[in-house]
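Remember, it's a predicted structure, so these values are computed and weren't measured experimentally. Here is the naming used below: chain letters follow the sequence lines, and residue numbers restart at 1 for every chain.
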There are 2 protein chains.
Amino acid sequence: MTGPDEQQIPEATIARLPGYLRVLNDFQAAGVTRVSSTDLAEAAGVQPALLRRDLSYFGSYGTRGVGYEVPLLVREIGLTTGGGTVWPVIMIGVGNLGRALATHGGLLQQDFKIVALVDVDPAVVGSTVGRRVVQHVDRLEELVAQYQPRIAIVATPAHAAQATCDRLVDAGITSILNFAPTGVVAPAHVTVRAVDLSQELRILAFHEARRVVASESATAQPVQPVQSAQSAQSAQEYVP
Amino acid sequence: MTGPDEQQIPEATIARLPGYLRVLNDFQAAGVTRVSSTDLAEAAGVQPALLRRDLSYFGSYGTRGVGYEVPLLVREIGLTTGGGTVWPVIMIGVGNLGRALATHGGLLQQDFKIVALVDVDPAVVGSTVGRRVVQHVDRLEELVAQYQPRIAIVATPAHAAQATCDRLVDAGITSILNFAPTGVVAPAHVTVRAVDLSQELRILAFHEARRVVASESATAQPVQPVQSAQSAQSAQEYVP
DNA sequence: CGCTGTGAATTATTTCACAGCA
DNA sequence: TGCTGTGAAATAATTCACAGCG
């Protein structure tokens, strides 16, 4: 048994790293080579102490009295979050949303590459989306074996999501980004992240509904400082 | 004084409510009228105790020894998360992603309605997307005044996101769902939620990168190199 | 008896605040 | 001097475990 020494990086920290990387890239593009935790934290929308704590999990990349070297930090966080390699990704479901995602610059960025697009609809199979010909879902296992993706994007209708995920997991996929408007369960060794548009809207609606109540009843109290929830990621991992 | 009873509902709980509502709707559609915290929790992917705690913030909707009445719970959570009204929503940015979102069933569901679509691109302005004619962004303030939306969906390119949000906030928007691949800042009274696709992928990549390191140190057996067999494991130096 | 609702314990995350180094 | 890195404290979120009611 390997000892329990492996510093466990908090999930909350992990979820913030891409954000740090983004603002660091902006700084770098602007020619900034050094940045203090205060400035970086402000740009990223977190407290300076939290930023320092987050970075400290990876080691000492700052210089006391000076700050952090932007290029160094970009490289370190980049590597930590999987940069430096091109991750092959398979996408299941090429409807409106899938098509938008597949051609969306954000997903095609540097470190990720969609190696296969899959759908059931005969009207879609065979068409070209973002330079790739959409394959029939029957070939899913074959395609996974061929391209060896570890990450899959599921953009199927709700009713097909769970079955699709099961097949993906069986085929060897270990990370799933689920856009289907339904929850999916997967074995513990698989990381599942869900992005649900209507859920996000509901959360906003909740806050709006609260605001109405608050402003109606607030005559003496200052308006509820409804904290703005920056960066919302709902991750649901199957826990045994 | 209204007493100290105004229970502050944890943000974490709020984020889970839409998920509960979804599985409750599924149960209801399946004709289930009662459900125990254990069953509901399993379907929602949380622990039973957590579900009970979450629901307890809203009052006692369960019956000891029996469980929860599905219709009652659907109604309560629905109302809490803004159901029962139709929330007008304005969308800024009608590119591939915006178009997909606008026509996506999830967003058009029951409680939300896109009342205006806005873009800058002359090639897009004037076209019809999901029964709505895309308006020029110049009319943004006018449209907000006309339809009184409180919620806005921002699906512009990164460079336009902050300016767009500023205008929206000035116009009176108090909730923003940001799909632009950049962070935006807003006054404290505005709720901002961000959905960033590439960030989600990076979080998955982080976990994948970790898995490689973990399995390598555990079995001394190198795992299948990812496609371009270059240094996929250069990220193994984060052991402090 | 079975299941909810919840105080208490536990765990996770954030913030404070300051020692220590460049 | 100025800013990082981090113990210690504070806060938030989750889980345990069981009293209490239908």
Side-chain angles (χ1 to χ4, degrees), chain A residues 4 6-17 19-20 24 27 32-70 72-73 76-77 203 225-240, chain B residues 5 7-17 19-20 24 27 32-70 72-73 76-77 203 238-240:
Chain A
E6 263 302 318
Q7 249 294 13
Q8 181 57 47
I9 298 168
E11 190 63 31
T13 294
I14 296 165
R16 282 187 294 267
L17 292 180
Y20 297 158
L24 281 166
F27 275 121
V32 179
T33 56
R34 280 179 176 167
V35 67
S36 67
S37 65
T38 309
D39 292 347
L40 184 49
E42 182 180 356
V46 301
Q47 295 299 311
L50 181 55
L51 170 57
R52 292 200 299 276
R53 170 83 56 194
D54 283 342
L55 296 183
S56 77
Y57 289 115
F58 304 99
S60 294
Y61 293 119
T63 308
R64 289 170 196 238
V66 178
Y68 298 93
E69 299 293 323
V70 173
L72 175 64
L73 219 43
E76 286 306 324
I77 298 182
I203 294 171
V226 180
Q227 49 186 283
S228 60
Q230 206 87 16
S231 183
Q233 18 256 356
S234 57
Q236 42 176 247
E237 265 179 307
Y238 178 77
V239 186
Chain B
D5 293 297
Q7 260 288 15
Q8 179 58 47
I9 299 167
E11 190 64 33
T13 294
I14 296 164
R16 281 188 294 267
L17 292 181
Y20 297 158
L24 280 167
F27 275 120
V32 179
T33 55
R34 279 179 175 168
V35 67
S36 68
S37 65
T38 308
D39 292 347
L40 184 49
E42 183 180 356
V46 301
Q47 298 297 313
L50 181 56
L51 169 56
R52 292 200 299 275
R53 170 83 56 195
D54 283 342
L55 295 183
S56 77
Y57 289 115
F58 304 98
S60 295
Y61 293 119
T63 308
R64 290 172 195 236
V66 178
Y68 298 93
E69 299 292 325
V70 173
L72 175 64
L73 218 43
E76 285 307 323
I77 299 182
I203 294 171
Y238 34 56
V239 182

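A:Leu51 places its CG atom 11 Å from the C1' atom of D:dT4, with the value rounded to the nearest Å. Between B:Asp39 atom CG and C:dG2 atom C1' there is a gap of 13 Å when expressed in whole angstrom units.
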*Show your reasoning for whether side chain to side chain contact (heavy atoms under 4.5 Å, CB included) applies to B:Ile9 and B:Phe58.*
CA-CA 9 Å; B:Ile9 299 167; B:Phe58 304 98; 3.4 Å; yes
*asked:* As a quick check of understanding, evaluate side chain to side chain contact (heavy atoms under 4.5 Å, CB included) for B:Leu73 and B:Tyr20, giving each step before the final call.
replied: CA-CA 9 Å; B:Leu73 218 43; B:Tyr20 297 158; over 6 Å; no
*Before giving the answer on side chain to side chain contact (heavy atoms under 4.5 Å, CB included), spell out for A:Arg53 and A:Thr13 the whole-Å C-alpha distance, their side-chain angles and the decisive distance to 0.1 Å.*
CA-CA 9 Å; A:Arg53 170 83 56 194; A:Thr13 294; 5.9 Å; no
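The nearest pair of heavy atoms linking B:Ser37 to B:Leu51 is O-CD2, 3.3 Å. Nearest heavy atom pair, residue A:Asp39 against residue A:Phe27, reads O-CZ, 4.3 Å.
Residue B:Tyr61 is in sugar-phosphate contact alone, with no base atom involved, counting any heavy-atom pair closer than 4.0 Å across all strands shown.
B:Tyr68 has a side-chain polar atom (N or O) that falls below the 4.0 Å cut-off from OP1 or OP2 of C:dG5. Phosphate proximity of C:dG5 to B:Ser60: present, with a side-chain N or O under 4.0 Å from OP1 or OP2. B:Ser37 has no side-chain polar atom (N or O) that falls below the 4.0 Å cut-off from OP1 or OP2 of C:dC3.
Just one residue in the list A:Val35, A:Val46, A:Val70 forms a side-chain contact (heavy atoms from CB on, under 4.5 Å) with A:Leu40, and that residue is A:Val35.
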_Base versus backbone protein contacts along nucleotides 7-14 of chain C [heavy-atom cut-off under 4.0 Å; B, S, -]_ = BB----SS
*In the 5'-to-3' direction, what one-character label does each nucleotide of nucleotides 17-22 of chain D receive under the scheme B = base within less than 4.0 Å of a protein heavy atom, S = sugar-phosphate only, - = no such atom?*
B-BBBS
